[in-house]
Amino acid sequence: FFRLHRSVETIAQIPVSESALSSAEELLWLVCHTKPRCEKKFAALMKAEGFEHYLPTVESVRAYAKQTKRFTKPLFPSYVFACVPSELKTRVYQQDLLARAIKVIDVKSFLAQIEEVKKIVASGFELSLKPLLTKGREVKVSGGPLNGLTGFVDNPDDPKGVLISVDVLQQGLLVYVPPANLTVLP
């Protein structure tokens with residue numbers, strides 16, 4: 001359960017050098033996969049370098065026995081979106097914060113999706129990140145009596161729960177499992 005934080009970190013509107021702006025083809029949008037819990041440090045590095053970037057954050061509220069703690073955390077753990085001039089791409093690796101940087105191929109679609117994420121985050125609605133359950137996706141049951149069972153999503157739209165197929169002796173078993181009890185496998 002997340003509560004949105006109204007002052008989310010948005011795309012930094014910091015101009016890059018004039019030479020970098022001379023040709024739109026020279027700019028690369030990257031999906032930067034950071035090392036664990038390095039998203040904010042990496043975003044600060046992008047800001048210091050003057051690169052356009054986006055780190056959507058949400059406010060998380062944790063209730064403990066005697067107090068309630070509020071903090072902001074990334075909406076997409078370990079990911080920051082950055083736009084860098086191609087000749088300066090190596091600058092994203094200057095500190096040991098990044099695991100990898102994935103070049104965005106379809107920039108138009110990517111930017112449209114980023115705008116949608118910005119609208120959702122800025123809307124003030126409560127939100128949570130859920131795995132995308134599609135037909136054929138491998139999942140593992142992470143709760144209940146079937147904990148540990150792995151299978152493939154057969155029908156993600158069934159109102160009784162997600163239908164998982166499990167092969168046993170080359171025969172399929174179909175089991176209804178609540179989506180909350182599933183973890184998507186890579």
Side-chain angles (χ1 to χ4, degrees), residues 1-5 8-9 29-43 53-64 69-82 92 96-186:
F1 162 75
F2 297 109
R3 275 201 188 265
L4 289 182
H5 188 261
V8 295
E9 186 172 335
W29 270 100
L30 303 171
V31 176
C32 300
H33 184 196
T34 67
K35 292 186 177 180
R37 303 198 310 196
C38 289
E39 304 92 340
K40 292 178 183 178
K41 291 177 190 173
F42 183 77
H53 65 283
Y54 181 50
L55 172 61
T57 58
V58 292
E59 184 176 79
S60 181
V61 179
R62 298 280 172 130
Y64 298 100
K69 294 273 187 178
R70 294 178 180 274
F71 55 95
T72 59
K73 63 186 201 177
L75 178 60
F76 305 110
S78 296
Y79 287 97
V80 177
F81 311 106
V92 300
D96 195 27
L97 302 172
L98 214 58
R100 63 185 169 161
I102 305 160
K103 181 181 174 186
V104 174
I105 303 300
D106 186 357
V107 175
K108 184 177 179 182
S109 174
F110 170 76
L111 291 176
Q113 290 178 3
I114 290 295
E115 286 302 315
E116 290 172 357
V117 169
K118 287 170 57 178
K119 285 180 187 177
I120 292 168
V121 170
S123 71
F125 291 117
E126 292 182 17
L127 65 106
S128 61
L129 194 60
K130 299 284 185 191
L132 186 59
L133 297 176
T134 56
K135 184 174 177 110
R137 189 81 189 249
E138 188 174 13
V139 292
K140 182 175 185 177
V141 179
S142 57
L146 300 176
N147 189 26
L149 179 119
T150 59
F152 296 90
V153 174
D154 188 61
N155 184 0
D157 300 323
D158 197 308
K160 297 182 222 168
V162 177
L163 194 56
I164 299 178
S165 64
V166 181
D167 292 332
V168 178
L169 300 174
Q170 297 183 2
Q171 305 254 341
L173 297 174
L174 296 175
V175 181
Y176 290 104
V177 179
N181 288 354
L182 296 176
T183 303
V184 175
L185 296 176

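Reckoned from all heavy atoms, side chains included, excluding hydrogens, waters and symmetry mates.
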Next on the checklist: Would the distance check show the side chain of Glu39 and the main-chain N or O of Ser78 forming a donor-acceptor pair, the cut-off being under 3.5 Å?
Outcome noted: yes
Item to check | Pair Val184-Arg137, side-chain contact (heavy atoms from CB on, under 4.5 Å): steps then yes or no | outcome: CA-CA 7 Å; Val184 175; Arg137 189 81 189 249; 3.0 Å; yes
Next on the checklist: To the closest 0.5 Å, what do you measure between CD1 (Ile102) and CH2 (Trp29)?
Outcome noted: 15.0 Å
Checklist entry - Do Lys69 and Val61 have side-chain heavy atoms sitting under 4.5 Å apart? => result no
Item to check | side-chain contact (heavy atoms from CB on, under 4.5 Å) against Leu149, all qualifying residues, sequence neighbours excluded | outcome: Val141, Leu146, Val166
Next on the checklist: With rounding to the nearest 0.5 angstrom, report the CD to CD distance, Gln113 to Glu116.
Outcome noted: 6.5 Å
Next on the checklist: Using side-chain contact (heavy atoms from CB on, under 4.5 Å), reason through Thr150 and Val139 one step at a time and then give a plain yes or no.
Outcome noted: CA-CA 6 Å; Thr150 59; Val139 292; over 6 Å; no
Item to check | Partners passing side-chain contact (heavy atoms from CB on, under 4.5 Å) against Lys108 (at least two apart in sequence or in another chain) | outcome: Asp106
Next on the checklist: When you compare the side chain of Ser142 with that of Leu182, does any pair of heavy atoms fall below 4.5 Å?
Outcome noted: no
Item to check | Test item: Ser60 side-chain N/O and Thr72 main-chain N/O as donor-acceptor pair under 3.5 Å | outcome: no
Next on the checklist: For the CG atom of Asp96 and the NZ atom of Lys41, what is their distance to the nearest 0.5 Å?
Outcome noted: 10.5 Å
Checklist entry - What residue among Tyr79, Phe42, Phe76 forms side-chain contact (heavy atoms from CB on, under 4.5 Å) with His33? => result Tyr79
Checklist entry - Are Leu98 and Lys35 side-chain neighbours, meaning at least one heavy-atom pair lies under 4.5 Å? => result no
Checklist entry - Is Leu127 close to Ile120 at the side-chain level, that is, under 4.5 Å between some pair of heavy atoms? => result yes
Checklist entry - Run the side-chain contact (heavy atoms from CB on, under 4.5 Å) check on Phe71 and Glu59 step by step: do they pass? => result CA-CA 6 Å; Phe71 55 95; Glu59 184 176 79; over 6 Å; no
Item to check | Phe81 ring center near His53 ring center (under 6.0 Å) | outcome: no
Checklist entry - Checking side-chain contact (heavy atoms from CB on, under 4.5 Å) for the pair Val121/Leu75: CA distance, chi angles, key distance, verdict? => result CA-CA 9 Å; Val121 170; Leu75 178 60; 3.9 Å; yes
Checklist entry - From Leu30 CG over to Phe110 CZ, what is the distance, rounded to the nearest 0.5 angstrom? => result 8.5 Å
